[in-house]
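Reviewing the structure listed below.
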Amino acid sequence: MQKLFTQHPETVGETYFQHMYSASSFGLKMLGGAFCCFVHAILPFMFEKKGSEMITDLHDRMVTNRHRSTEPAAAEAKTT
């Protein structure tokens with residue numbers, strides 16, 4: 001049962017709690033971005049670029065500047 005909670009975090013080089021923090025921070029940022037987009041839909045003069053800026057920031061954090069290994073095989077190859 002514990003493996004259900006730790007298997008995926010281990011594949012990205014995180015503990016369960018590190019992954020919880022990271023995923024939660026992404027989720028909160030996405031909620032903020034969604035709010036900005038909905039407000040912009042109604043009031044087009046507000047948050048003109050904020051939604052796309054938030055998406056770019058999330059992409060940079062998750063893909064471009066990721067320091068942890070995203071593939072278990074790559075992590076294993078580095079240790080052998």
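All values derive from a computational prediction rather than experimental measurement.
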Would a single hydrophobic cluster contain both [Y] and [X], if residues Ile, Leu, Val, Met, Phe, Trp and Tyr are joined by side-chain heavy-atom contacts under 4.5 Å?
X: Leu58; Y: Leu28; answer: no
X: Ile55; Y: Phe26; answer: no
X: Phe38; Y: Leu31; answer: no
X: Phe47; Y: Leu43; answer: yes

Examine distances only and state if a side-chain atom of His19 and a backbone atom of Glu14 form a donor-acceptor pair shorter than 3.5 Å.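 Absent.
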
Within the distance-only criterion (no hydrogens, no angle test), does the side chain of Thr56 pair as donor or acceptor with the backbone N or O of Ser52 below 3.5 angstrom?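 Pair found, side chain donor or acceptor close to backbone of Ser52.
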
Contact between [X] and [Y] at the side-chain level, heavy atoms closer than 4.5 Å - yes or no?
X: Asp57; Y: Glu53; answer: no
X: Phe17; Y: Met20; answer: yes
X: Lys3; Y: Glu10; answer: yes

Can you tell me how far apart NZ (Lys29) and OG (Ser24) are? Round to the nearest 0.5 Å.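 Rounded to the nearest 0.5 Å, the NZ-OG separation comes to 15.0 Å.
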
How long is the gap from CE on Met46 to CD on Glu48, to the nearest 0.5 Å?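 Here the rounded value is 10.5 Å.
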
Before you tell me yes or no, could you show the steps for Ser22 and Arg61 under side-chain hydrogen bond (donor to acceptor under 3.5 Å, both in side chains), namely the whole-Å CA-CA distance, both residues' side-chain angles and the distance that decides it to 0.1 Å? CA-CA 10 Å; Ser22 180; Arg61 281 177 53 200; 5.1 Å; no

Considering non-hydrogen atoms only, spot the tightest contact between Met54 and Cys36 and give its length.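 Looks like SD-SG, 4.4 Å.
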
Which pair of non-hydrogen atoms, one from Gly51 and one from Cys37, has the smallest distance, and what is that distance?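 Gly51 and Cys37 have their closest heavy atoms at CA-SG, 4.1 Å.
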
